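Values in this document were obtained by computation on a predicted structure and should not be read as measured data. Numbering of ligands and ligand atoms starts at 1, following listing order.
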Amino acid sequence: MIAAALAAVQDRINEAARAAGRDPDSVALVAVSKTHPAEAVEEAVLAGQLVFGENRVQEAKAKFPDLKARFPQLELHLIGPLQTNKVREAVALFDVIESIDRPKLARAVADEMARIGRKPRLLIQVNTGREDQKAGCDPDHVDSLITVCRDQYHLEIEGLMCIPPAEADPAPHFRLLAEMAARNGLSVLSMGMSGDYPAAIRAGATHVRVGSAIFGHRDYA
Ligand SMILES: *Cc1c(COP(=O)(O)O)cnc(C)c1O
């Protein structure tokens with residue numbers, strides 16, 4: 001079932017990319033496995049999926065070390081908010097951290113990367129809808145955060161990530177993120193989820209984060 005869902009999502013990615021005049025290989029699928037067990041991730045790996053996203057450090061730590069030992073090419077993205085007291089675990093486990101959103105966090109990540117000699121790739125999360133309850137850097141502070149990361153902490157930022165407001169048309173948020181990335185010379189754009197990834201691909205997404213369309217409904221109980 002997961003294999004069939006993955007194939008269907010990949011087909012839609014390819015179709016959206018071609019319709020936008022883009023190479024389908026320029027869009028990476030991050031399979032979001034939060035709340036789903038390691039067995040579901042394994043099923044996806046056996047179907048050929050190697051890139052996964054988790055939004056909680058603790059949950060990822062419980063599921064992924066074994067999977068990574070068995071499938072060394074597996075690539076794990078942190079897509080949820082990161083507290084400074086979890087930085088040590090996050091830098092040790094994740095291959096990409098998509099949720100850098102403030103100087104203090106950038107500094108803690110830089111210190112830990114230097115300490116253990118591991119370099120996860122980094123994206124800045126932008127709160128494009130300026131929602132109070134949502135993590136992410138204010139759009140007005142993105143340029144300066146990129147500069148601080150680079151000049152003060154010697155961190156290479158690869159790109160930007162956003163989660164548009166749930167009820168809004170996501171397209172303007174995707175375009176805003178693409179503009180902010182372009183003016184800062186960043187090539188990676190992580191945007192688009194199960195409900196809107198074709199629109200994100202039209203706006204230039206290089207990574208789409210798709211959970212429920214692959215793994216099914218999430219049960220938080
Ligand atoms: C859960 C989550 C997703 C995936 O959402 P779906 O609607 O299930 O595809 C993508 N991005 C982030 C940051 C998430 O937390």
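For Glu98, the heavy-atom gap to ligand 1 stays at 4.0 angstrom or more.
Comparing Gly195, Ser194, Ser33 by heavy-atom distance to atom 6 (P) of ligand 1, the nearest is Ser194. Checking Arg209, Met193, Lys34 against atom 2 (C) of ligand 1, the nearest heavy atom belongs to Lys34.
For the side chain to side chain contact (heavy atoms under 4.5 Å, CB included) test with Asn85, the passing option among Glu89, Gln83, Arg88 is Gln83; the others fail. Residue Ile100 forms a side chain to side chain contact (heavy atoms under 4.5 Å, CB included) with just one option from Ile124, Leu160, Ile146, and that option is Ile124.
Looking only at atom types and distance, the side chain of Asp143 has a donor-acceptor partner in the side chain of Asn184 under 3.5 Å away.
Residue-ligand proximity, Val210 to ligand 1, at heavy-atom distances under 4.0 Å covers atoms 9 (O).
The residues Lys68 and Asp95 are annotated as salt-bridged, a charged nitrogen and a carboxylate oxygen being separated by less than 4.0 angstrom.
Once rounded to the nearest 0.5 Å, the distance linking NZ of Lys134 with CD1 of Ile163 reads 5.5 Å.
Residue-to-ligand polar distances place Gly211 within reach of ligand 1: an N/O pair is separated by less than 3.5 Å.
Among all non-hydrogen protein atoms, the one lying nearest atom 12 (C) of ligand 1 is Ile79 CD1, 3.4 Å.
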